[in-house]
Structure formats: C-alpha cells, structure tokens
Amino acid sequence: MIRITNIKLPISHTEIEMHTKIAKLLRVPASSIGNISIRRRSVDARNKPELFYCYTIDVAVKKEKQVVAHCKNKQISIAPDENYQFPQSGKQLLTHRPVIIGSGPAGMFCAWMLAKHGYCPLLLERGREVDQRVQDVECFWKIGKLNPQSNVQFGEGGAGTFSDGKLNTLVKDTSFRNKEVLDIFVKAGAEEKIRYDHKPHIGTDVLQKVVKNIRNQIIAWGGEVRFESQVTDFKIKDGAVKAVIVNETEEIPCEVAVLAIGHSARDTFYRLNQIGVSMQCKAFAVGMRIEHPQKMITKSQYGVEYSEELGAAPYKLTKQTGNGRGIYSFCMCPGGYVVNASSEEKRLAVNGMSNAARDTDNANAALIVTVTPDDFPNQTPLGGIEFQRQLEETAYKLGNGKIPVQLYVDFKKNRCSSEFGEVKPSMKGSYSMANLRTLLPEPLNESLIEGIESFGQKIKGFNRPDALLSGVESRTSSPVRISRNEVGQSNIRGLYPCGEGAGYAGGITSAAMDGLKIAEKIAQIYAAIKNKNL
C-alpha cells in the first residue's frame, strides 16, 4: 500500500473526486487504483464557511515502489506496517482463571483480549447489565431515586457508557493499541468512521449496544461476565493476592486480579489502602459544566449555524490563568445533555453526554481548573477523594438534591439566578437555581471567570450573560494513582492496577488501551488456560 498525506478535498466531495485527486498525485490512471483505506480525516476550517476535509489514506496500486520513486513527493510513501501484535504466551501455569474487577473500558478490553487468547477470564462488575442499568439511570433522572450500585458511574461499560463516547486520545501509540481499540469497537457495532476521524465519537445510545456485543464476544470465547458482583475485599498471603471476596461472602480464588475499578470506586480505594496497597493522591481538575446554543458554537467553528456533512461542532479551549492554575474545556458534548452523574447519597456530581446524532439545542462542556494535593483537606493517599466529596456535598445542598444551575452573569456578580435567558437547560435530571459562586474555593472561581472571558475572545458569545453553569464537575479523572511496576503489578503480587481509576488513563480510549497493555503483561508471564472451569 502507498500512503498519501494531506489530501485536501471539499467536505461535500464525491468518491470520483477523491479517485481523481489520488490518480493525479500518483501520476497513474484512475483505473489502476485498487483498494483505498482512509487512515485519518480532519476538518480544515481556516477559510470558513469554505470547509475542507484533510485526509491521510492508504492506496493499493501495482508496482508501488516505482510509483513512489516516480512521484518524488513528500506526501507519498510506502505505508508502514501498523498492525497490533499480542505477545506470545508465557510458560507459567495459572491455577485459577484471571479475575478482572470492573467492566469499564479498561476491564472490558482486558477481558476481550485475554478471552480471545484462551485465558477464560472472569469479569466481575458491581453494577447491573446495560439494559437494566439504563432503566435505573432513567428512574434516577426522573424521580431522583439513586441506586448506589447502578448509576451513571457504575454498571456495564463504566462511566463511559453515559457520555458522548469520545474516542480521541493524546497517548503516544507505538504499539498500535489505539488502532486495535477502534477496530474492536467497529467489530462490536460502532460506525466505520471512528477508525479515521480526527475526533471520533460513538454516542451514548450506540455505546449501550456496543458494550453488550463486547460482553457477548467475551462469553463466546470462554470468558464469564457477572453483574451485581462487587469485590468487597481481598485475601492476601505472603505479599500476593490469593482470592477476591465478592459481595462480602463469596470467596473466589485467584493469583491474577486486574483492578479496573474506575475513578468512582471510592469504597474500593479505601479498602485497598487499608490492606497496604501502595497508592498516592494525585493532581486532577474540578469545575462546572457550561451550556451554550449549539448553533452559536457551530457558527463560530464552521462559519454556518448548521452543517449537514459535519453535524454539531465541537470545541477545545485552554488557558493559563493569572493565579497560576490552568483552565480547560473537557468532555465537550456537541448537541448534548448535562446529566446528574451522582453515585453516592447526598452528594451530587454532573457530567455531559450526547447521543450519536448530537441533535439537542445546546452544546455543553466541563470547564475545569487544575487542583493539586495542596488543595486537599489532608495529604493522605485518599485526600483527593475527601476533596471531591466535600464539593459534591455542597453541590447537593445548593440544589436541594437537584442539579444547581446559574447564569454566568449572576455567577460573576455572586448572586442566585432567578430566571433563564435565551439559553434553556438541556439536562437529564431535575435542576434548580442556586448561587454556584459558593461551591468552589474562590481561587478556582477566579480562574473560571478569567477563563470564560478569555474564551469569549476565541468563540464569540462564549461569555454571554445567559450561558448556563451547573456543578459540580468533580469526576474528571481519578484522584488516586495505584503504584505498579514494570510488569504491571502493584506491591501486592498478582494485583494489576489498570485504567483510569488506577491513575493510568484519562478517557475511554486510553483506558481501553491500558486494558490491552495489562492483558499483554499477564500473557507474557502466564500460559493460556485449557480448562475454563478452573
């Protein structure tokens, strides 16, 4: 295959126009072009409203080396081999099948890869399977009845199941795990375009089908998936894991346990700390959600209020503020909803999500400010969790159990809002007016205001008076990092910290990639299992 980079075409181009462009660049007849594989596609909006796609593609033609030599063009080269390789199995025998704790992206993809290669993993999830979980979440949003074990944070697919399903990542990928993750998502029902879009997303509605297909494939390959099965304790002997305790009563022997527990498994973090698992608190970020009209955002980004080809426009904004803190947009949801993402009684957290169509009236994003252990109430490994909980308790009280909402103009003036402007909430869960200025420490409020005013210079109307703020956005990433060594294990042998909750990822794709990485670490030591009843 020949790789061609930086092919620029109007967003409304046809396949014939792409073939013609390729043939011209390669100096060959269009009839000689074979298979075309899009490797990357991004939007060039520098001359909006005139919009272009910019492609990297791989093309099959005869006599590839001669064609490349004849072109003498830096855009054109022989396509490199970018296939993911799972390692050969080790020789050490397992007495029991590997146990994976948590069915978020890290746990699912670790289980997928181990099942595919004959390790018959047991995947344990504290929450419910996705169809029942959807019912629990919708009940919570409708009447406020929280199920602490089945909610936006816990259940099949993890927190990512109720999100926009964004799959972009900044992780360097020399092992091509990113490509493998996207391939697995497509095999499980996601659209083909996520393989190559610069900012790929699946959508909450599609993700709910995808995670079910991943589960079914794990089972078909000899794995087992159990729901409503919370790991509540660990049996440790001679510095190694010997068993996990499920729902406080059932003991499951194992010498390999993957901690893919997610960033909200606070009770598990506390137990791990008690039994001597090495961990540290770490910096993360907190803030609020902000809502704007989606048409305003799309107009700013694309030069038109609506683009049939591109859909609702996203944005990404960052700034270093005067008090030394960074503020940036996070988990931006075009045409989406702000959702009540709480998982503990009398504590309230928000998140954002979009369906695949991204067709609501509002765009929303988290605007978050960096916090460090110096901001936490104590310097213990669990100090960040205590900081999160304090904020979430305040948010719950401010909204009297509902999502607290405030107009930006009132946030600046430190007063409670009384009515909405043109921007009306697009929310899942009840909401009420409040004064969010009392939610965060004042240095963070100052950073938010400085950031929003600055972002108004980049996106016209971003600092409009009736933009809606809601809070608290506290679950941006794990407040804890569980130490692991070069073979992927914690100071407790056989215990493999994995994914976002363990502090090694930040989003769906990077968590899934870390799940593959830990599956590789296990396979490099242990041989595949022949008897799945071990």
Side-chain angles (χ1 to χ4, degrees), residues 11 38 41-43 103-105 108-109 129-138 141 151-153 155-169 178 181-216 289 291-295 297-298 301-302 306-316 329-341 350-366 426-429 475 500 506-512:
I11 60 170
I38 300 173
R41 182 178 72 177
S42 59
V43 177
S103 73
M108 281 195 307
F109 278 75
E129 59 87 13
V130 68
D131 290 337
Q132 294 175 318
R133 182 186 181 195
V134 168
Q135 294 178 20
D136 293 335
V137 170
E138 290 180 347
W141 286 339
N151 46 62
V152 171
Q153 307 296 340
E156 186 172 17
T161 302
F162 290 91
S163 71
D164 187 60
K166 287 173 289 296
L167 302 178
N168 48 300
T169 179
N178 189 358
V181 165
L182 297 178
D183 286 346
I184 291 170
F185 272 126
V186 171
K187 291 173 184 175
E191 287 190 78
E192 175 74 22
K193 67 180 181 180
I194 69 166
R195 296 184 197 264
Y196 53 78
D197 269 348
H198 175 54
K199 294 182 178 179
H201 81 105
I202 297 180
T204 296
D205 48 343
V206 177
L207 264 172
Q208 292 167 9
K209 302 171 185 175
V210 166
V211 298
K212 191 186 305 184
N213 291 336
I214 290 176
R215 179 226 306 170
N216 290 336
R289 284 269 150 186
E291 292 185 78
H292 299 96
Q294 182 60 55
K295 288 182 179 179
I297 299 299
T298 303
Q301 301 298 83
Y302 297 155
Y306 174 74
S307 170
E308 184 174 352
E309 293 88 356
L310 299 177
Y315 62 78
K316 184 176 181 180
S329 61
F330 173 80
C331 187
M332 193 271 149
C333 297
Y337 300 93
V338 174
V339 306
N340 190 330
V350 296
N351 196 6
M353 78 173 202
S354 300
N355 289 324
R358 290 177 161 177
D359 56 0
T360 70
D361 291 337
N362 288 358
N364 77 76
S426 290
M427 291 189 173
K428 294 288 188 178
R475 312 284 183 96
E500 188 165 344
I508 292 173
T509 303
S510 60

Answer yes or no: does atom [atom1] of [X] have more than 12 heavy-atom neighbours from other residues, nucleotides or ligands under 6.0 Å?
| X | atom1 | answer |
| --- | --- | --- |
| Glu308 | CD | no |
| Glu191 | CD | no |
| Lys199 | NZ | yes |

Are the side chain of [X] and the backbone N or O of [Y] linked by a donor-acceptor pair below 3.5 Å?
| X | Y | answer |
| --- | --- | --- |
| Glu500 | Ala511 | no |
| Asp205 | Ala356 | yes |
| Arg133 | Val152 | yes |
| Asn364 | Tyr337 | yes |

To the nearest 0.5 Å, how far apart are [atom1] in [X] and [atom2] in [Y]?
| X | Y | atom1 | atom2 | result |
| --- | --- | --- | --- | --- |
| Ser163 | Leu207 | OG | CG | 6.0 Å |
| Lys209 | Ile202 | NZ | CD1 | 12.5 Å |
| Gln294 | Asp361 | CD | CG | 9.5 Å |
| Met332 | Tyr315 | CE | OH | 5.0 Å |
| Asn362 | Met427 | CG | CE | 9.0 Å |
| Glu129 | Gln208 | CD | CD | 11.0 Å |

Give me the atom names and distance for the closest heavy-atom approach of [X] to [Y].
| X | Y | answer |
| --- | --- | --- |
| His201 | Asn355 | CE1-O, 4.3 Å |
| Thr509 | Leu167 | OG1-O, 2.6 Å |
| Ser354 | Cys333 | OG-CB, 3.3 Å |
| Ser510 | Thr169 | CB-OG1, 3.8 Å |
| Val210 | Gly189 | CG2-C, 4.0 Å |
| Ser329 | Ala365 | CB-CB, 4.5 Å |

A side-chain contact here means heavy atoms from C-beta on lying under 4.5 Å apart; do [X] and [Y] qualify?
| X | Y | value |
| --- | --- | --- |
| Ile11 | Ser307 | yes |
| Tyr302 | Val43 | yes |
| Thr298 | Tyr306 | no |
| Ile38 | Glu192 | no |
| Asn168 | Pro200 | yes |
| Thr161 | Glu156 | no |
| Gln153 | Phe162 | no |
| Asn351 | Arg289 | yes |

Test side-chain contact (heavy atoms from CB on, under 4.5 Å) on Lys212 and Arg215 and set out the steps.
CA-CA 5 Å; Lys212 191 186 305 184; Arg215 179 226 306 170; 3.7 Å; yes
Could you walk me through whether Ile214 and Phe109 pass side-chain contact (heavy atoms from CB on, under 4.5 Å), step by step?
CA-CA 8 Å; Ile214 290 176; Phe109 278 75; 4.2 Å; yes
